[in-house]
Amino acid sequence: MRLSQSLFVTLREEPAEAEIPSHKLLLRAGYIRRIGSGLYAYLPLMWRVLNKVRRIVQEEMDATGAQECLLPQLQPAELWQQSGRWDTYTKSEGIMFAFTDRQQREVALGPTHEEVITAVARDMIRSYRQLPQNLYQIQSKFRDEIRPRFGLMRGREFIMKDAYSFHANEESLKETYQEMAVAYSNMLRRCGLKFRAVDADSGAIGGSGSQEFMVLADAGEDDVLYTADGQYAANAEKAVSLPADAVASIFTSREEVATPASDTIEKLTAVLKCAASSIVKNVLYQATYDNGTTVIVLVSIRGDQKVNEVKLTNELSKRAADYQAKTIIGLVVPDSEAMSKWVAQPLPLGYISPGIGDDCVKPGTVTAKILRLVDHTAASLTNFVTGADRPGHHITGANWNTDYPLPVQVDVRTALVGDRAIHDPSQTIETARGIEVGHIFQLGTKYSEAMGATFTTEQGTEQPLVMGCYGVGVSRLAQAAVEQSYDKDGIIWPVAIAPYQVIICVPNVTDAAQMAAAEQLYQELNAAGIETILDDRDERAGVKFKDADLIGIPYRIVTGRSLQSGQVEVVTRSTKQSQEIPVPEVQGVIRSWIAASIG
RNA sequence: CGGGAUGUAGCGCAGCUUGGUAGCGCGCCUGCUUUGGGAGCAGGAUGCCGUCAGUUCGAAUCUGGCCAUCCCGACCA
């Protein structure tokens, strides 16, 4: 590419619309332009980067025997109705762009493709002899994100690699899942990224085991908890750990005490001069299921701990059948307005006990019984402090069973930095920020059962296909690479995904010798398969150097002063190290550098 | 959706308090000089001041509605 003939525009000032370094740099360096909220044009340089990433993803997927295909982005509602996800994906918090066509058919733009691929499998897979299968595609996905953010990090249209595997049994699924975990590690390593694979919540997609691949960067949207020995890493929303030991209660007998203006743990510990870990905190939630049923949930947890709402949602999801529902669609701490719809009389917020009566709920508005859950941290307390169910009063020295029935025990606590690890209590939990670029799931039979995708076993019986699914955010990955690798002058692309490997800067285009040398190298390098840009613009040298640094091409050749001794200057972007190399040797040297950095 | 902010030239911003012919820097165009880290001088072009309504003799400026974008929360590759 000759820059003099390219649509190449860099910005000297930081665009106001961008917040994080990678977003600013991609805009400034002319890689992307915003078209609408969460919608970006991938300009020629960006498209080359994306294709580099795609190639690596394809190679690693193909190496596992997965087969590339391409599924429609426009999807009929029918399929989503069969899987039971139409309503949850289109209503209220729904993330799917859905509309009606001119024949009054309901259709949607694919946010993901479980339904489509399962329909294909239902049609095509008949026998265990055809299993396992793993199909993947790389295409744009559409998601009506509530808040698009940070450029390509969270777009409403973005490029994703999604793969779906089909198996006769769980063992086969686990095998492919492990292969995918290896393939994902290979992809990210080859893209030159520092990353960590972490245990994850499987969320709305459903299923059992799941791991996320996190690119480590401060601008990440996720918290990763891990131990220094490398034995444990998990998304904070999934993480488990040993809580700090509770301080022994200073109370010995059950008493109701006046605790004016003590509606928070902090105030209460000050008034009672006790430890937060001696308190049973009771948090009220309002859960909504897909059939419209609203359930009031009272979670009791130790005072120094926090409820993890993801874990809580999963617990409530397991109980959906108790309410004749399939899934939970909402979980909130009700505000006074939400609460006014179902309370019989004002609740003593901040002073609730685990035993508050079901009669505080107005009959007929929500389910009559409050669902009571207790976190393990609170269940093991004795002589604890808790609310007295009337404002300004708490109970001290309370005990489960004698004072309150012990509710169902669950793990809904948030793991914290500094907690001890479960696998080895001598290890403490540390934290880092991560950008989720990949996620692999063991789905099981959720979709195949719902959609009737079955196969015939060796024994001649019919069974639902066992499925896995595996995603990579290709466009997010590309931006994550920038977030992880830049300096004050601009982007520093890992060599493997740089749009070009070499840029030749001609300091003075009116100097015939400089131009001739540059032309010669440009032709030679490209002919040798080294992707090279020629900056032959009629600009001053300083402008060219600044732009070369900004767009982050790994190696820069300058056909300047040193030409007099038959040499050109070669500068490595990442280190800024410069050396003069005789023209005939340039190709060999750069080739070896590229080989060394791509590995 | 709740909370916060912003919309003025391609980009970054001032002007608005106190209404009176729309400005600065960068970029862009022309010419001359310059030519190794975002050049200098001279000349030039570019605006429905987000949008609709209201107040007023007069609105970028005051008032109200709407729209869009960004940031903080719930969602996710």
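Residue numbering restarts at 1 for every chain, and letters A, B, ... go by the order of the sequence lines. All values derive from a computational prediction rather than experimental measurement.
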message = Would you compute the distance between atom CG of A:L25 and atom CD1 of A:I491 and round it to the nearest 0.5 angstrom?
response =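 Separation between the atoms: 5.0 Å.
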key: Between CG on residue A:L534 and CD1 on residue A:I503, distance to nearest 0.5 Å   =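 That separation rounds to 8.5 Å.
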Distance check, [atom1] atoms only: [N] and [M], in whole angstrom units.
| N | M | atom1 | value |
| --- | --- | --- | --- |
| B:C29 | B:U46 | C1' | 10 Å |
| B:C72 | B:C28 | C1' | 38 Å |
| B:U61 | B:U8 | C1' | 11 Å |
| B:G7 | B:A60 | C1' | 12 Å |
| B:U17 | B:U69 | P | 29 Å |

Atom [atom1] of [X] to atom [atom2] of [N]: distance rounded to whole Å?
| X | N | atom1 | atom2 | answer |
| --- | --- | --- | --- | --- |
| A:E145 | B:C75 | CD | P | 11 Å |
| A:F8 | B:G38 | CZ | P | 16 Å |
| A:E17 | B:C71 | CD | C1' | 13 Å |
| A:D549 | B:G36 | CG | P | 17 Å |
| A:R147 | B:G3 | CZ | P | 15 Å |
| A:F97 | B:C76 | CZ | P | 16 Å |
| A:K544 | B:U34 | NZ | P | 18 Å |
| A:K161 | B:C76 | NZ | C1' | 16 Å |

Report all side-chain donor-acceptor pairs from residues 34-44 of chain A shorter than 3.5 Å, counting only partners two or more places apart or in another chain.
from  : atom 1 : to    : atom 2 : distance (Å)
A:Y40 : OH     : A:H23 : NE2    : 3.2

Which base, if any, makes a Watson-Crick or G-U wobble pair with [N], both distances under 3.5 Å?
| N | answer |
| --- | --- |
| B:C62 | B:G54 |
| B:C1 | B:G73 |
| B:A68 | B:U6 |

query = Would you call A:R537 and A:D547 a salt bridge, taking side-chain N to carboxylate O under 4.0 Å as the test?
reply = yes
query = By side-chain hydrogen bond (donor to acceptor under 3.5 Å, both in side chains), which residues pair with A:R433, not counting sequence neighbours?
reply =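 A:R433 satisfies side-chain hydrogen bond (donor to acceptor under 3.5 Å, both in side chains) with A:D223 only.
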ask   = Which residues pass the side-chain hydrogen bond (donor to acceptor under 3.5 Å, both in side chains) test with A:Q211, sequence neighbours left out?
value = none
inquiry  = Regarding B:G36, can its base be found pairing with the side chain of A:N508 as donor and acceptor, where the two atoms are less than 3.5 Å apart?
reply    = no
key: Nearest-nucleotide 5' precedence on RNA chain B, A:R154 against A:V571   =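 Result: A:V571.
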Residue whose nearest RNA chain B nucleotide is more 5′ - A:G473 or A:G38 = A:G38
message = I'd like to know whether A:Y31 forms a ring pair (Phe, Tyr, Trp, His ring centres under 6.0 Å) with A:W493, so could you lay out the CA-CA distance, the side-chain angles of the two residues, the decisive distance to 0.1 Å, and finally the verdict.
response = CA-CA 12 Å; A:Y31 281 82; A:W493 285 111; 5.6 Å; yes
key: salt bridge (charged side-chain N to carboxylate O under 4.0 Å, His left out) partners for A:R12, two or more places apart   =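 A:R12 satisfies salt bridge (charged side-chain N to carboxylate O under 4.0 Å, His left out) with no residue once adjacent residues are dropped.
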inquiry  = Which residues pass the side-chain contact (heavy atoms from CB on, under 4.5 Å) test with A:A234, not counting sequence neighbours?
reply    = A:D199, A:Y232, A:A239
Pair A:W47-A:R54, side chain to side chain contact (heavy atoms under 4.5 Å, CB included): steps then yes or no = CA-CA 10 Å; A:W47 186 236; A:R54 281 161 59 105; 4.2 Å; yes
request  = Report the nucleotide, chosen from B:C71, B:G36, B:A77, that has the shortest atom-to-atom distance to any side-chain atom of A:R476.
outcome  =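 Of B:C71, B:G36, B:A77, B:A77 is nearest to the side chain of A:R476.
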key: A:I146 side chain, from C-beta outward: closest of B:A74, B:C75, B:A77   =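 So the nucleotide nearest the side chain must be B:A74.
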key: Pairs where residues 44-53 of chain A contributes a residue and the test salt bridge (charged side-chain N to carboxylate O under 4.0 Å, His left out) is met, not counting sequence neighbours   = A:R48-A:E531, A:K52-A:E531
ask   = With no hydrogens and no angle check, is any side-chain donor or acceptor of A:Q139 less than 3.5 Å from a backbone partner on A:M160?
value = no
task = Kindly state which residues belonging to residues 176-189 of chain A come within less than 4.0 angstrom of RNA chain B, counting heavy atoms of the residue only, listed by number.
result = none
Positions of residues 19-37 of chain A (non-hydrogen atom under 4.0 Å from RNA chain B), listed by number = A:E19, A:R28, A:R34, A:S37
request  = Could you tell me which residues satisfy ring pair (Phe, Tyr, Trp, His ring centres under 6.0 Å) with A:F158, sequence neighbours excluded, listed by chain and number?
outcome  = none
message = Tell me every residue that passes ring pair (Phe, Tyr, Trp, His ring centres under 6.0 Å) with A:Y184, counting only those two or more places apart in sequence or in another chain.
response =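 Per chain and number, A:Y184 pairs via ring pair (Phe, Tyr, Trp, His ring centres under 6.0 Å) with A:F213.
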Every protein N/O within reach of nucleotides 14-16 of chain B N/O, cut-off under 3.5 Å:
none

Within the sub-3.5 Å range, which N or O atoms of nucleotides 23-27 of chain B have a protein N or O partner, and how far apart are they?
from  : atom 1 : to    : atom 2 : distance (Å)
B:G25 : N2     : A:E13 : OE1    : 2.7
B:G27 : OP1    : A:R12 : NH1    : 3.4

key: Trace of the side chain to side chain contact (heavy atoms under 4.5 Å, CB included) decision for A:E59 with A:M187   = CA-CA 9 Å; A:E59 285 172 3; A:M187 284 172 203; over 6 Å; no
message = Is A:F545 stacked against the base of B:G36, taking the criterion as centroid distance under 5.5 angstrom and interplanar angle under 30°?
response = no
